[in-house]
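Everything on this sheet refers to the single structure shown next.
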Number of protein chains: 2
Amino acid sequence: MLTTLGAVPDPAPRSPKAEQTRTAIAEAAMRLFRAEGYDRTTMRAIAREAGVSVGNAYYYFGSKEHLVQAFYDRMQVEHAAAAERVLAEERTFEARLRGVLLAWLDVARPHHAFAGQFFRNAADPASPLSPFSPESAPAREASVAVFEQVVAGSDLKVAAGLRRELPELLWLAQMGVVLFWVYDTSPDQQRSRVLVERVVPVVDRLARLSRLPVVRGVVDDVVGLVGALRAP
Amino acid sequence: MLTTLGAVPDPAPRSPKAEQTRTAIAEAAMRLFRAEGYDRTTMRAIAREAGVSVGNAYYYFGSKEHLVQAFYDRMQVEHAAAAERVLAEERTFEARLRGVLLAWLDVARPHHAFAGQFFRNAADPASPLSPFSPESAPAREASVAVFEQVVAGSDLKVAAGLRRELPELLWLAQMGVVLFWVYDTSPDQQRSRVLVERVVPVVDRLARLSRLPVVRGVVDDVVGLVGALRAP
DNA sequence: GCGAAGTTTTGAACACGTTCAAGACGGTCG
DNA sequence: CGACCGTCTTGAACGTGTTCAAAACTTCGC
C-alpha cells in the first residue's frame, strides 16, 4: 500500500510564492515526522517550523493525513528508480522479483518507525490514502506496471490465463509484504527480508507449475476468482 | 482480525453495583456505535446515554478503542457458536471450511458499516486491538482452535508437515477474508461470499495436492517459511 | 495611481479524546 | 457510633485536529 498512494493536488498553487509556502509546509512536516513520528507531531508545530499559521497549512493540505502523501510519493519514485536498476541487471523471473521486492524494503527501511502510525490511516477503506482508493489509482497502476516489467523482461513461461493477471497478483503479493513489514518488529526488519527470500522461490515454482495438467485446474480457479472479483 | 480481539479486563469491577455501571457504559456505547457509527459517537454522548460522567467511562475503559472490544467479543462468541453448528453437520473438509467462513460473514453482516471505521485501529500494529497483539492472544487462539476442529473432524489427509501448520494458515486465510470484507462495497457484501465460495475449493484442492511428489517441494517451502517466521 | 476581484494568510474558536485532583460512597475495625 | 481506607464518581482542564470569518496581499483593467 505504501508504495501506491497517489498525489492529490489539493488547491494547485497559483503563484510561485504560494508554491514556496506549500513546499515549506510539506518539508517542515517531513522533518518533524522523521524526527518525532506522526502522532507526536502537531499541526501547530508543523506550522511553526514552516513559519506560517496553522490555518495556512490547512489552506494547502486538507488534513494532516494529506501531508503524508508527499512522503508516499517520494518513496514511490525512489522505489521505481531502484526497481529499474534491478531489472536492467537480472533476467530470470526469480531474481527480478526478488530484487524488486527487496528494493522496496531498502527504500522503506528508514521510515519503519512511523510507517505503522500512518498505515493505520491507509487501512481505512474510506481514506484517500487507502491503496484501493480512486485517489491512489495512478500510483497503483504505476506500481502494477513495474511488476508487468518484472514478468515481461524475464524468462518466465506461464499459462495464458495466468499471464494476464500475474502483474496484479504480484502487486497484491507486494501489498502482503508491506503488511508483514509494518508488523515486523525484528531488528532492521530482517524477518521481512527472510519472508521475501523464501516466498519468491515459492511463487516462482508455482508459476512454472501452472502449465502442469494437474495444477491447471487450481490455476484456472484462481484466475477466474480474480476476474470475478474485479468488475462491479 | 475482527474475530480475534480479546477481552482486556481493565480494572475488574469489585462490587455488583460497579459491574452494573460497567455494562451500562458498554451497552450505551454499543447502541450509539450501531446508530451513529464509531467516529460520530463521542465519549460525552456515551457517558450521557449511560447516565454517568465522562471520567467514569474512562475508569472502566482505558480508551474509546477499548469499548470496541466488547463488540469484538460478542462477535467472536456468536461466530464460535455458529461454527459449532456447522461442524456438527458437515464432514468433508470443503464443506466445513466453507460453512465456518460463511458463518463469520453472517455474524458480521449487520456491522459492516462501522467495521471499517474501527478496523483502522485494529490495523495499527501498536494497538491492543491488532489481531497480533498480546492482548488478543486468547481470542486468536480460540479462533485457531475452531480451524483445528475444521481439520480434525474432516476427511482431509495432508502431508504431515502441513498438517501441523494448517489451522494457523486457515486462520490467516480468514484474516484475508476479513480484510476483503472490510473493503467490500458490494450490496450485502455479496462479493465476499463469492470470494469464500471460490477460494474454498482452491484451498481444498491445494491441500489434497500437497501429498503429490511434484507439489511436495512447494509445500515444504511454505511450511518452512511459516516456521521460520514464527519464533523471535 | 485606484478600486475591485481574486488569492493567500491569520488566529481565535470549536469539538473531540483524554487526564486528574478532588470528592462521595461503602464497608470494616476499634 | 466514628474514623478510616479502598472503590467509585465527578467535572473542569488540557492538548489535539480542524474550521472560518476576517484581514492582508497581489493582480489587473482603467
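The analysis underlying the following values was restricted to heavy atoms, covering all of them including side chains, and did not include hydrogens, waters or symmetry mates. Worth saying up front: this structure is predicted, and the values here are computed from it rather than measured. Lettering follows sequence order; numbering is per chain, from 1.
- Checking side-chain atoms of A:Thr41 against main-chain N and O of A:Glu36 turns up no donor-acceptor pair under 3.5 Å.
- Of the listed nucleotides (D:dT16, C:dT9, C:dC16), D:dT16 has the atom at the smallest distance from the side chain of A:Thr42.
- Taking atom NZ of A:Lys17 as the reference point, atom P of D:dT27 lies 9 Å away to the nearest angstrom.
- Heavy atoms of other residues, nucleotides or ligands lying less than 6.0 angstrom from CZ of B:Arg31 number more than 12.
- Of the candidate nucleotides D:dT18, D:dT9, C:dT9, D:dT18 has the atom lying nearest to any side-chain atom of A:Val54.
- Considering only side-chain atoms of B:Ser53, the nucleotide from D:dG17, D:dT9, C:dT7 that sits closest is D:dT9.
- Going from atom CG of A:Asn56 over to atom C1' of D:dA22 covers 15 Å, rounded to whole Å.
- In this structure, of D:dT18, C:dT10, C:dT18, it is C:dT10 that holds the atom nearest to the side chain of A:Val52.
- For A:Met43, the listed nucleotide lying nearest its side chain is D:dG17; candidates were D:dT9, C:dT8, D:dG17.
- With B:His79 contributing its side chain and B:Ala108 its backbone, the two residues share no donor-acceptor pair below 3.5 Å.
- For the OP1/OP2 pair of C:dG17 and a distance below 4.0 Å, the side-chain nitrogens and oxygens of B:Ser63 include no atom meeting the criterion.
- Atom pair B:Ile46:CD1 and C:dT18:P shows a separation of 10 Å (rounding to whole Å applied).
- Atom OH of B:Tyr38 is separated from atom C1' of C:dG17 by 9 Å (rounded to the nearest Å).
- Taking atom OH on B:Tyr59 and atom P on C:dG17, their separation rounds to 22 Å, with Å as the unit.
- Counting only heavy atoms from C-beta on, A:Tyr58 has its side chain closest to D:dG17 among D:dG17, C:dG17, C:dA12.
- Shortest non-hydrogen contact noted between B:Arg96 and B:Val86 is O-CG1, 4.1 Å.
- In terms of heavy atoms, A:Val107 sits closest to A:His111 at O-CD2, 3.7 Å.
- When rounded to the nearest whole Å, the span between CZ of B:Arg48 and P of C:dA15 equals 12 Å.
- Counting to the nearest Å, the P atom of C:dT9 and the CZ atom of A:Arg22 are 12 Å from each other.
- Ion pairing between B:Arg193 and B:Asp184 fails under the 4.0 Å rule for side-chain N and carboxylate O.
- When each of D:dT16, C:dT18, C:dT8 is scored by its nearest atom to the side-chain atoms of A:Arg44, the top-ranked nucleotide is D:dT16.
- Toward the 5' end of DNA chain C, the nearer of the two residues B:Thr41 and B:Gly55, judged by each one's closest nucleotide, is B:Thr41.
- Only at 4.0 angstrom or more do the heavy atoms of residues 28-37 of chain A sit from any atom of DNA chain D, so none qualifies.
- Counting only distance, with no hydrogens or angles, the side chain of A:Arg191 and the backbone of A:Ser186 share no donor-acceptor pair below 3.5 Å.
- In this structure, B:Glu65 places its CD atom 8 Å from P of C:dT18, rounding to the nearest Å.
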